[in-house]
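In this text, all values refer to a predicted model and were calculated from it rather than measured experimentally. Worth knowing before you read on, the calculation uses all heavy atoms, side chains too, and leaves out hydrogens, waters and symmetry mates.
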Amino acid sequence: MLVPPVHGWHAPQSLIAAGGDASGERLDLVQPHGWLMVLDAGDRRLVQAGANLPALLGIPVEQALGRTVADLLGPIAARALDRAIAQAGADAIGPVPLRVDRGGQKLRLIAHGHWDAGGLVLEMEPATRLGDAGMINAGFGAAIRRYRHIVDIGDLAQSVVQDLRRLTGYDRALFVRMVDQGPVQVLATATVPGADAGADIGFVPLRPLETSLLELNRARVVFDMQAEPVPLVPPVNPQTGVPVDLSRASLRQPTRLFQGHALRRDVRGVLAVTLLVGGRLWGYLWCESNDAYAVSPSIRALCEALGEIVAAQVAALDERAAVAARTVAARGLTRLGRLLRQGVQLTDGLIAAYPVIREVLPHDGAVAGIEGSHWSSHDLATLSHWQEQLGLEGASRREGIVWRGPVLGIDVPDGIVVLLRGAGQGWSHGELEVAQELHHLLAERQAEIYRRRTEQQLHVMANFDRVTGLPNRTHLLHALQQALGVETEIAVTVIGLDRFRALKATLGEADAHALLAAVGRRLRDCVPADDLLGRIDTGEFAVLSFDQEAGRVDDLAHAVRDALRAPLSVSGREMFVTASLGVVPSAEGGGDAAALLRDAEIASAEAEAAGGGGRRVFDAAMRARLTERHIIYDKLRQAIYFSNGVRPVFQPIVRLADGELAGFEALARWTDAEHGPIPPTTFVAVAEETGLIVPLGNHILVQSCRQIAKWNRGRADNPLYVSVNLSPYQLDPSRLDIVRWVTGVLEMTECRPEWLRLEITESGLIGQGGDAIAILKGLRDLGIGLAIDDFGTGYSSLAYLQNLPVDTIKIDRSFVTAMSRDDKGKALVSAILHIAGIMEFGVIAEGVETEGQEALLRQMGCDRAQGYLFAKPLEADMATALVHHAIAMPGQAVADLRTLRAGRWG
């Protein structure tokens with residue numbers, strides 16, 4: 001028993017399940033001009049057949065079902081079919097010539113078939129005489145050779161339809177081209193002499209169903225569009241339980257869409273030959289007849305071969321045209337690349353390049369929107385309208401482009417360019433490739449614009465001040481160094497706004513910036529156009545004056561002063577500012593720009609330190625003083641934190657009534673290993689400027705408390721006290737919780753509170769505002785004595801003094817010196833003593849250097865005194881010796897102190 005070929009055979013996938021598609025199209029009907037039989041794959045028994053089978057066999061279909069091919073068609077036809085199956089070795093069989101004896105009449109048939117899951121689908125059509133087959137083949141070969149030399153698709157189409165019409169005998173032959181997302185095009189038509197060519201109507205874009213069917217049946221014939229289709233009997237294949245798949249069958253009834261083509265063109269017989277180019281349906285050859293008409297399978301085979309050859313030639317012509325188009329497009333794109341670089345914005349380049357864009361991508365109009373800038377070639381709908389069209393279902397996408405029908409969108413960073421064609425016009429494959437290249441060019445140009453814009457922004461950020469828009473320090477230094485390199489005479493002036501940091505803290509960031517911008521505008525108006533003005537620091541501006549004339553710097557100083565004399569408006573209020581100018585009047589070539597600008601800043605800082613609003617011309621001594629302060633700062637920090645190089649010395653405080661030692665005032669002293677003793681007036685000022693005064697004061701306090709605790713061991717009946725100066729910075733709660741700190745120091749050093757006195761100046765108290773009283777009360781609650789140092793030199797009122805929790809005032813040395821010169825000085829000291837008595841303050845006179853001053857103070861009722869008459873500040877070991885001597889010989893204390901003054905202990 002013969003069976004289907006095994007090697008290489010597979011059951012093809014059913015294109016349409018259950019005999020139809022999703023739209024209800026029936027694909028299980030057969031044309032009536034032939035016969036279709038479905039045979040069992042094993043014994044060749046009839047499983048299904050077209051309802052018109054009785055016209056061939058002369059018996060009803062129901063009687064034929066279940067019988068073998070040999071019974072139905074005869075043994076000769078059965079053997080021919082078996083030989084074809086054995087030789088085929090694949091799922092397609094034939095064409096096979098068959099001879100069937102029907103009631104003594106010999107019928108000649110042409111059979112072909114294919115294997116399906118339900119069996120062998122066998123199609124049979126009446127065989128026609130070939131006529132002069134040699135002439136047909138010769139003409140076919142000549143046509144093929146002629147096609148190879150045709151270089152125009154229109155000429156090829158015209159030649160093909162002429163040959164096809166003559167080969168098939170149909171009334172008309174048409175060359176139909178399918179366009180992506182566009183109308184179908186009829187490229188050429190051929191008719192029999194004297195017949196109407198017919199209008200190019202009726203053809204619409206194919207559905208995926210028709211596309212798939214044409215790919216399966218390369219030469220599709222319909223004998224009569226008006227003939228009633230023939231159903232299969234039974235409708236369901238018994239082998240599979242579903243209708244048989246006839247999508248590959250030549251006799252299958254045409255789809256409704258193809259029938260619609262024929263009805264619109266008023267034709268009955270049709271032959272469609274598929275043109276597959278590059279694996280996709282490029283178009284098809286349409287042959288039609290006004291009457292029912294069909295060609296033999298042999299002619300159909302020739303037509304199918306003709307379609308393959310034409311498709312190959314179309315592919316060659318397309319490739320040739322694509323190469324030519326790519327060459328033209330490449331030249332155009334090269335020009336586009338140059339034109340797009342015109343202008344600052346991408347839109348500028350797009351407008352300049354638009355004529356070339358129309359050459360490489362022909363279209364009717366364009367709309368563009370890039371970075372908020374819109375442009376259109378003429379009056380068109382808004383860009384958003386076209387973007388909505390491209391966003392609808394059915395739009396196609398590739399890298400950088402999107403298109404839907406005649407609308408093509410080309411993506412651009414932060415924008416899009418839309419090209420428009422007339423209704424029904426689409427875009428070819430080559431044009432889409434050009435559009436992608438245009439996308440790359442636009443993206444590259446936009447990236448270049450972004451890069452240049454970023455570079456410009458970075459240049460501005462690196463060289464210009466964000467607040468004022470003026471050149472910044474980097475820009476000024478570069479310009480100054482260039483000027484010095486060509487030995488141009490130049491003056492550098494730094495304009496520092498006085499007390500700007502405090503002003504900024506008062507105004508806040510935003511208003512401070514507004515003030516700086518206003519000052520920048522004033523200075524820009526008064527600085528000569530040939531000079532370069534910039535902002536170099538928080539509240540500092542600088543002017544570089546080139547090729548200066550005599551008095552040019554003086555004129556600039558007057559101009560700046562006049563410019564800032566009027567008030568500045570900031571947030572609706574008027575403000576006044578002053579500026580201190582530092583000038584390097586003449587810099588010679590070859591100098592260092594950074595050093596010159598720094599020198600001008602030093603001079604400006606000195607002008608501000610002198611009261612502000614003035615001008616200082618730089619000299620080397622200024623830099624030396626600044627350098628010295630920095631050196632002192634570094635060494636002082638090292639001495640406080642690491643080397644313990646700062647130490648307290650102790651100046652005795654004597655009770656004037658009996659001459660006994662009452663205590664000591666601790667004073668800071670510093671001896672540097674390299675520079676020797678550093679005066680307190682020098683390092684204390686640096687400490688206050690740099691914030692080191694707080695750790696310095698804390699260090700002296702700890703050492704002093706530790707020392708007084710040692711001295712008072714064994715002096716329970718007559719303890720001494722130590723008086724330590726308290727810096728105003730130590731009273732600043734943001735820097736130090738002084739009450740908590742002193743409490744810890746007392747515990748750490750085992751110093752009792754009554755052994756400690758803390759001194760602070762009047763100006764220091766005033767500078768701390770209302771917080772000072774609360775802090776002093778907290779210290780007083782610890783049991784510590786408090787004194788006002790340098791009394792009479794500050795700014796406090798008597799009303800303020802009476803609220804201070806202090807117990808002692810110290811008369812400044814200037815008053816003690818003045819009292820021995822005239823009566824006014826004596827009266828002033830007497831008044832201070834009188835006020836102290838009223839307020840119940842103890843009094844200590846400072847700077848007592850003569851016995852006359854001592855006697856006068858004693859006579860006026862002063863409690864205690866200190867000064868060189870009694871002793872200079874003593875090192876700890878000498879002060880310890882004094883303490884011990886006073887204990888051993890209390891009656892000799894005054895004499896011993898005077899001996900110390902004379903230098904007995906150094």
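For Arg535 (side chain) and Asp537 (main-chain N/O), a donor-acceptor pair under 3.5 Å exists by modelled atom type. For His475 (side chain) and Gly534 (main-chain N/O), no donor-acceptor pair under 3.5 Å exists by modelled atom type. Using a distance-only test at 3.5 Å, with no hydrogens or angles considered, a donor-acceptor pair links the side chain of Gln853 to the main chain of Glu849. Of the possible polar contacts, one joining the Asp619 side chain to the Met622 backbone as a donor-acceptor pair under 3.5 Å is found. Using a distance-only test at 3.5 Å, with no hydrogens or angles considered, no donor-acceptor pair links the side chain of Asp465 to the main chain of Asn472. Checking side-chain atoms of Glu608 against main-chain N and O of Ser580 turns up no donor-acceptor pair under 3.5 Å. For the pair Thr627 (side chain) and Arg623 (backbone), a donor-acceptor distance under 3.5 Å is present. Between the side chain of Thr743 and the backbone N or O of Val739 there is at least one donor-acceptor pair closer than 3.5 Å. Of the possible polar contacts, none joining the Asp789 side chain to the Thr761 backbone as a donor-acceptor pair under 3.5 Å is found.
In terms of heavy atoms, Asp498 sits closest to Ala579 at OD2-N, 3.5 Å. Residues Ala514 and Val570 come closest through the heavy atom pair CB-CG1, 4.2 Å. In terms of heavy atoms, Ala709 sits closest to Trp755 at CA-CZ3, 3.9 Å. Contact detail for Ala865 and Phe870: the closest heavy-atom pair is CB-CE1, 3.9 Å. Closest non-hydrogen pair, Leu782 versus Pro753, comes out as O-CB, 3.0 Å. Taking every heavy atom of both residues into account, Thr749 and Val702 meet most closely at CG2-O, 3.8 Å.
Inter-residue side-chain proximity for Ser704 and Phe650 is flagged as met; some heavy-atom pair is nearer than 4.5 Å. Put simply, the side chain of Arg715 reaches to within 4.5 Å of the side chain of Val883, judged on heavy atoms. Between Leu497 and Leu503, every side-chain heavy-atom pair lies at or beyond the 4.5 Å cut-off. Looking only at side-chain heavy atoms (C-beta outward), Val745 and Cys751 stay at 4.5 Å or farther from each other. In this structure the side chain of Leu556 never reaches within 4.5 angstrom of the side chain of Arg615, judged on heavy atoms. A heavy-atom distance below 4.5 Å is found between the side chains of Met819 and Val816. With contacts defined as side-chain heavy-atom distances shorter than 4.5 Å, the pair Leu856/Ser820 does not qualify. The shortest side-chain heavy-atom distance between Phe791 and Phe841 does not fall under the 4.5 Å cut-off.
Note that the CD atom of Glu688 and the CD1 atom of Ile693 stand 5.0 Å from one another [nearest 0.5 Å]. For the atom pair CG (Leu828) and CD1 (Ile811), the distance works out to 9.0 Å, reported to the nearest 0.5 Å. In this structure, CG in Leu731 is found 4.5 Å from CG in Leu726, a value given to the nearest 0.5 Å. Taking CZ from Arg629 and CG from Leu636, the interatomic distance works out to 14.0 Å, rounded to the nearest 0.5 Å. In this structure, the separation between CG on Leu696 and CD1 on Ile640 is 4.5 Å, given to the nearest 0.5 Å. One distance of note links CG of Asn712 with CD of Glu754; it measures 9.0 Å at 0.5 Å rounding.
A salt bridge links Glu509 with Lys504: the closest approach of a Lys/Arg side-chain nitrogen to an acidic carboxylate oxygen falls below 4.0 angstrom. A salt bridge does not link Arg669 with Glu875: every distance from a Lys NZ or Arg NE/NH1/NH2 to an Asp or Glu carboxylate oxygen is 4.0 Å or more. Taking the charged nitrogens against the carboxylate oxygens, Arg813 and Glu846 have no contact shorter than 4.0 Å, which rules out a salt bridge.
Around CE of Met461, the count of heavy atoms belonging to other residues, nucleotides or ligands within 6.0 Å does not exceed 12. When the shell of 6.0 Å around CZ of Arg501 is examined, it contains 12 or fewer heavy atoms from other residues, nucleotides or ligands. Counting non-hydrogen atoms of neighbouring residues, nucleotides and ligands closer than 6.0 angstrom, the CG atom of Asp823 reaches no more than 12 such neighbours. No more than 12 heavy atoms of other residues, nucleotides or ligands shown are found within 6.0 angstrom of CZ on Arg752. The number of heavy atoms from other shown groups lying within 6.0 Å of CD (Glu689) is above 12.
For the side chain to side chain contact (heavy atoms under 4.5 Å, CB included) test with Val494, the passing option among Leu597, Leu581, Ile602 is Leu597; the others fail. Among Leu480, Leu544, Leu477, the single residue meeting the side chain to side chain contact (heavy atoms under 4.5 Å, CB included) criterion with Leu596 is Leu480. Among Arg864, Arg757, Lys810, Lys872, the one residue that satisfies the salt bridge (Lys or Arg N to Asp or Glu O under 4.0 Å) test with Glu665 is Lys810.
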Exercise for review: Using the side chain to side chain contact (heavy atoms under 4.5 Å, CB included) rule, take His699 and Val646 through it: C-alpha gap first, then chi angles, then the decisive distance, then the call.
Suggested key: CA-CA 8 Å; His699 176 72; Val646 180; 4.2 Å; yes
Check your understanding: Going through the checks in order, is the side chain to side chain contact (heavy atoms under 4.5 Å, CB included) test met by Glu601 and Ile536?
Key -> CA-CA 10 Å; Glu601 288 182 281; Ile536 60 173; 3.9 Å; yes
Review point. Passes side chain to side chain contact (heavy atoms under 4.5 Å, CB included), Val722 versus Leu756? Steps please.
Key: CA-CA 5 Å; Val722 66; Leu756 178 62; 4.1 Å; yes
Check your understanding: Would Leu804 and Met839 satisfy side chain to side chain contact (heavy atoms under 4.5 Å, CB included), going step by step from the backbone distance to the final call?
Key -> CA-CA 11 Å; Leu804 292 177; Met839 294 187 173; over 6 Å; no
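The aromatic rings of Phe683 and Trp670 stand perpendicular to each other, their planes meeting at an angle above 60°, with 30° marking the opposite boundary.
For Phe541, there are no ring pair (Phe, Tyr, Trp, His ring centres under 6.0 Å) partners at least two apart in sequence or on another chain.
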